[in-house]
Amino acid sequence: MDRKDIIIIILSLIIIALLAIGAYNQAREDQIIYHTVNITDTFSLDVPISDNVTKTQVSPHMHIVNDSQNNIEITSFNMGNESTMDLIGDGSQYLYTYKLGAEQISLSNHTVWYNSKDSNYIAFFSPENTNDNVIIVCKDNETMARMISTVKY
């Protein structure tokens with residue numbers, strides 16, 4: 001083997017190594033990383049880490065967390081306060097708006113609704129041992145399944 005062949009082999013190995021490193025980094029960037037978030041004092045779940053999260057306080061006991069990066073909206077309202085009737089109306093309206101025209105399906109052993117019109121998956125939690133009510137809306141069924149499977153209350 002002459003010197004030219006050795007240089008070509010070494011350059012080929014370097015190019016292959018660079019391509020492998022690039023593919024690994026790309027695959028790592030596409031992976032969603034989750035962390036646990038307390039939605040209320042008694043309700044938590046894992047959500048994707050995001051740079052675009054806003055939290056809006058609709059009323060003293062009702063909050064909306066919107067993650068525009070991952071197309072997730074989490075609405076929480078607590079029924080254990082003096083404005084229960086207003087919260088029932090607000091919460092029911094949010095749930096009704098999302099569920100309108102949706103079909104009932106199961107993800108992670110939990111009933112959810114899929115609205116094909118706007119491609120939303122909707123999950124509702126109302127633990128009997130707390131006054132919390134949580135509505136989770138997400139565009140991706142894998143992300144929704146992961147979040148549902150990590151719910152703790």
Side-chain angles (χ1 to χ4, degrees), residues 14-153:
I14 290 172
I15 290 171
I16 291 170
L18 290 174
L19 288 172
I21 290 170
Y24 172 77
N25 284 336
Q26 182 65 33
R28 215 176 90 180
E29 287 176 11
D30 292 341
Q31 186 180 31
I32 298 174
I33 300 171
Y34 290 80
H35 68 277
T36 302
V37 172
N38 293 323
I39 302 301
T40 68
D41 291 340
T42 59
F43 189 96
S44 68
L45 75 158
D46 290 357
V47 297
I49 292 176
S50 175
D51 295 326
N52 297 326
V53 176
T54 58
K55 186 174 183 179
T56 305
Q57 186 169 342
V58 177
S59 69
H61 300 282
M62 184 175 194
H63 300 87
I64 298 174
V65 177
N66 188 348
D67 175 357
S68 58
Q69 179 178 337
N70 294 298
N71 293 312
I72 299 169
E73 182 176 284
I74 302 172
T75 304
S76 65
F77 54 100
N78 187 293
M79 300 295 282
N81 62 67
E82 65 283 347
S83 60
T84 300
M85 295 313 291
D86 292 338
L87 286 172
I88 290 172
D90 290 347
S92 296
Q93 184 61 40
Y94 279 106
L95 189 57
Y96 176 77
T97 300
Y98 286 121
K99 283 177 54 178
L100 186 63
E103 73 175 284
Q104 186 174 322
I105 62 173
S106 180
L107 278 178
S108 295
N109 296 319
H110 186 79
T111 300
V112 299
W113 293 267
Y114 176 67
N115 190 328
S116 59
K117 181 179 156 188
D118 55 11
S119 301
N120 280 328
Y121 292 87
I122 305 104
F124 179 68
F125 291 89
S126 183
E128 292 180 11
N129 60 337
T130 72
N131 291 315
D132 294 327
N133 295 275
V134 178
I135 302 168
I136 304 168
V137 180
C138 181
K139 296 252 185 228
D140 181 68
N141 68 336
E142 290 180 19
T143 302
M144 178 63 96
R146 168 70 186 267
M147 290 189 301
I148 290 172
S149 70
T150 63
V151 166
K152 290 181 181 66
Y153 49 85

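Since this is a predicted model, take the numbers as computed values, not measurements.
Atom CH2 of Trp113 sits about 11.5 Å away from atom CG of Leu107, to the nearest 0.5 Å. Separation of atoms CZ (Phe125) and OG (Ser76) is listed at 13.0 Å; rounding is to 0.5 Å. Here the CD-CG distance, from Glu103 to Asn115, works out to 9.5 Å after rounding to the nearest 0.5 Å. The structure places CZ of Phe43 at 10.0 Å from OG of Ser126, a figure rounded to the nearest 0.5 Å. Tyr121 contributes atom OH, which lies 10.5 Å from atom CD1 of Ile148 (distance to the nearest 0.5 angstrom). Here the CG atom belonging to Asn71 is positioned 11.5 Å from the CE atom belonging to Met144, to the nearest 0.5 angstrom.
Nearest heavy atoms, Thr75 versus Glu73: OG1-OE2, 3.9 Å. Nearest heavy-atom pair, Ser149 versus Ser108, reported as atom, atom and distance to 0.1 Å: CB-OG, 3.9 Å.
At least one side-chain heavy atom of Val47 sits less than 4.5 Å from a side-chain heavy atom of His35. Under the 4.5 Å side-chain criterion, counting only non-hydrogen atoms from C-beta, Val58 is in contact with Ile64. Between Pro48 and Ile72, the closest side-chain pair of non-hydrogen atoms falls below 4.5 Å. Between Leu45 and Ile136, some side-chain heavy-atom pair lies under the 4.5 Å cut-off.
Looking at Lys139, its side chain does come within 3.5 Å of a backbone N or O of Asp118 through a donor-acceptor pair. In this structure, the side chain of His110 engages the main chain of Phe124 through a donor-acceptor pair within 3.5 Å.
Sorted by first and then second residue, the side-chain hydrogen bond (donor to acceptor under 3.5 Å, both in side chains) pairs involving residues 44-54 (not counting sequence neighbours) are Thr36-Asp46, Ser50-Asp67, Ser50-Gln69.
Heavy atoms of other residues, nucleotides or ligands lying less than 6.0 angstrom from CG of Asp41 number 12 at most. Other residues, nucleotides and ligands place more than 12 heavy atoms under 6.0 Å from the CG atom of Asn38.
Listed by chain and residue number, Asp140 satisfy the side chain to side chain donor-acceptor pair (under 3.5 Å) test with Thr143 (two or more places apart in sequence, or in another chain).
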